[in-house]
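Note that ligands are numbered from 1 as they come in the structure, with each ligand's atoms numbered from 1 the same way. Counting from 1, the numbers follow the sequence of the chain as shown.
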Amino acid sequence: MSRIRPDRITTLPGTTRSAELYERALALLPGGVNSPVRAMRAIGRKPIFVERGDGATLWDADGNRYVDYVCSWGPLIAGHAHPRVLAALSEAAARGTSFGAPTAEEVELAAEVARRVPSIEMLRMTSSGTEATMSAVRLARAVTGREALLKFAGAYHGHVDGLLAQAGSGLAAAALPASPGVPAAATAATVVIPWNDPDALTAACAAHRFAAILAEPIPANMGVVPPREGFLQQLRASADGNGALLVFDEVITGFRVARGGAQERAGVTPDLTILGKVIGGGLPAAAYGGSRALMEHIAPAGDVYQAGTLSGNPLAVAAGRATLELLDAAAYDQLSATTAALAAGLAAAAADAGVKVGVAAVCGLLTVHFNSEPVVDYAGARGCDLDAYAAWCRALLDRGVYPPPSQFEAWFPSLAHGEREVEQTLAAARDAFAEVACR
Ligand SMILES: *Cc1c(COP(=O)(O)O)cnc(C)c1O
C-alpha cells in the first residue's frame, strides 16, 4: 500500500515534494534525469525521486513506499543497503576511497570471478558496462585484425557509438546510427540481425568476416527474450567458422542467472565476457575478461590501450566482493524460487483478468510481455501493447509496487524479496490487471 507520511510533507498544499524536485531537475538535468529510462516517459508519468531503500523496499520523497523490482537495474541482487555490503563499504572507505594503484582486494575479486566463470582467466576492470563493451570490442578488433561486428536487434551493450546501431534495409548490410550524433562511419562496420534467427545468422556470417559476434546470452534489454534451444551453440559454431570472437555481454546475466552466469547455464563458452551491474554490488564497476592469451594483448601486458582513473575502485571492489560472497548455491535456489513464484502468479493473475500476456522468466529476471504471441525477438517485443503495459505499471505504482517503467526492461527480483513481498506484488498485480482489462 502506498501511504503518505505526514512528517515528510514540507511542500505547499496541492503539490508534492517529488513534483517540486522534478520541476527543479527539469531546469538542471536533461529531461530531469541522469539516464533516460528513469524519467518514466514510456509509461506516461513523472519520475519517482528516491529517498532511501532497505532490502526490497524503496521510499520516495513523498513518503510512498514500494516493493522495488528495478533494484538499480540489476546490481542490487542482495537488495538495498545489505548490512554485509554496507560493512564492507565502510571498512574500505575508512582506508581511503581511491588510490589509482593496485590493491590486494581487486586481485581477490578477479580470483573470485575466475573461479565462477572458467572462461575468464584474466580480466580488466572498468567503471561502467559501456566502457567494458567498448574495450572488449577494441580487443576483438585488435586480435582479429578485422573491424566488422555482428549484433542482435534489441540487444543493448551500453551507449558505445558503433553499437548504437539499428538494422538497415538489407539485413546483412551495414547498420544505421540509432541516435543523432553517432557517425554513420561508426555503425558502418556493424551488422544487426534478429535474435533467435538461425538463417539470418548463417547469411550474415557468409557475407562478412567479423571481429566479434556480440550477444547478450539471455537478452534482457528488450524485456527478457531467452535464446531458443541450440541458438547459443549456433553462435559458438558460427563464430568459430567465421574466425570471429564470441563475446557474451553478461552485464545483466553475470552472477544473476547462475553462479557462473548464462554461459554456465547454457554450457556455451565465449571467448570474451563482459560483466557489470552485480560485480559492483551497487557501486560503479564492470569488467571484461577471457583467456590469458587474449587478455595479455591489453596494455601494459600488450599493446591494446585501455585505462581508467577509477578502474578497480576500492569501494566498488569491496561492494562487489561482499555481494558475491552472498551468492552461494542456496542464494541461487532462493532467487530461482522467488522468480518462479512471481512468474507463475503474474501469469495466473493476468489470465484471471482476461489480459493476454506472456511471462518470460529466468532466475532473477522476468518480463510480462503484453502480447498474445510468444516474444522471441525484438519485432515481437515491439509488437507488445505498450499502452496496456504503461497503464498496468501506473496501476502497480499506485499500489506500492515499482516495476520497470518500460516494456523493454526486465524485472530484477532480489534475495531481499521474500514471500511477503511476492504476495503483496501479486495482490497489486491482480488489481492492476483488472484495471487494465476494463480500460
Ligand atoms: C546495463 C548494460 C550495459 C551498460 O552498462 P552501464 O554500466 O550502464 O554502462 C551493457 N550491456 C548490458 C547487457 C546491460 O544491461
Side-chain angles (χ1 to χ4, degrees), residues 33-39 69-77 117 123-138 140 149-165 178-179 182 190 192 195 212-227 232 235 246-257 261-263 265-266 270 272-289 306 308 310-313 315-317 319-320 323 360 362 364-367 378 381 404-412:
V33 292
N34 274 317
S35 196
V37 72
R38 301 175 191 178
Y69 287 101
V70 172
C71 287
S72 189
W73 305 99
L76 301 182
I77 197 165
V117 188
L123 62 83
R124 167 62 58 84
M125 290 191 74
T126 63
S127 296
S128 73
T130 296
E131 251 186 290
T133 311
M134 186 185 82
S135 310
V137 164
R138 182 178 302 146
L149 303 172
L150 181 63
K151 79 171 284 267
F152 294 91
Y156 179 65
H157 303 294
H159 59 96
V160 179
D161 270 353
L163 300 174
L164 273 187
S179 164
V182 172
T190 306
V192 183
W195 179 243
I213 296 179
L214 194 59
E216 295 181 66
I218 301 173
N221 283 293
M222 48 177 152
V224 178
V225 183
L232 295 181
L235 289 186
L246 180 60
V247 182
F248 276 178
D249 180 346
E250 297 228 40
V251 169
I252 281 182
T253 52
F255 314 121
R256 173 169 288 276
V257 299
Q263 57 194 270
R265 281 180 80 107
L272 292 175
T273 300
I274 303 160
L275 297 167
K277 299 190 170 121
V278 170
I279 198 178
L283 273 84
Y288 61 104
Q306 188 265 313
L310 293 178
S311 296
N313 173 264
L315 298 189
V317 165
T323 299
V362 191
L365 288 173
L366 74 91
T367 295
Y378 189 43
S406 161
Q407 176 71 85
F408 303 101
E409 305 283 357
W411 291 49
F412 292 103

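- For Ala316, the side-chain contact (heavy atoms from CB on, under 4.5 Å) criterion is met by Leu283, Ala285, Asn313, not counting sequence neighbours.
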- Decide yes or no on side-chain contact (heavy atoms from CB on, under 4.5 Å) for Thr126 and Met134, but give the supporting numbers first. CA-CA 10 Å; Thr126 63; Met134 186 185 82; over 6 Å; no

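- Using the six-membered ring where Trp is involved, Tyr69 and Trp411 have ring planes that are tilted, between 30° and 60° apart.
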Could you pull out the N/O contacts under 3.5 angstrom between ligand 1 and the surrounding protein atoms?
from, atom 1, to, atom 2, distance (Å)
ligand 1, 5 (O), Gly129, N, 3.4
ligand 1, 7 (O), Gly129, N, 2.8
ligand 1, 9 (O), Gly129, N, 3.3
ligand 1, 9 (O), Thr130, N, 2.8
ligand 1, 9 (O), Thr130, OG1, 2.7
ligand 1, 11 (N), Tyr156, O, 3.3
ligand 1, 11 (N), Asp249, OD1, 3.3
ligand 1, 11 (N), Asp249, OD2, 2.6
ligand 1, 15 (O), Asn221, ND2, 3.1
ligand 1, 15 (O), Lys277, NZ, 2.6

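- Side-chain atoms of Arg138 and Gln306 form no donor-acceptor pair, as typed in the model, at a separation below 3.5 Å.
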Under 3.5 Å, which donor-acceptor pairs do the side chains of residues 151-159 form with other protein atoms, sequence neighbours left out?
from, atom 1, to, atom 2, distance (Å)
Lys151, NZ, Ala155, O, 3.3
Tyr156, OH, His159, N, 3.4
His157, ND1, Asp249, OD2, 2.8

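- Remark: Ser127 engages Glu131, Leu310 in a side-chain contact (heavy atoms from CB on, under 4.5 Å) (not counting sequence neighbours).
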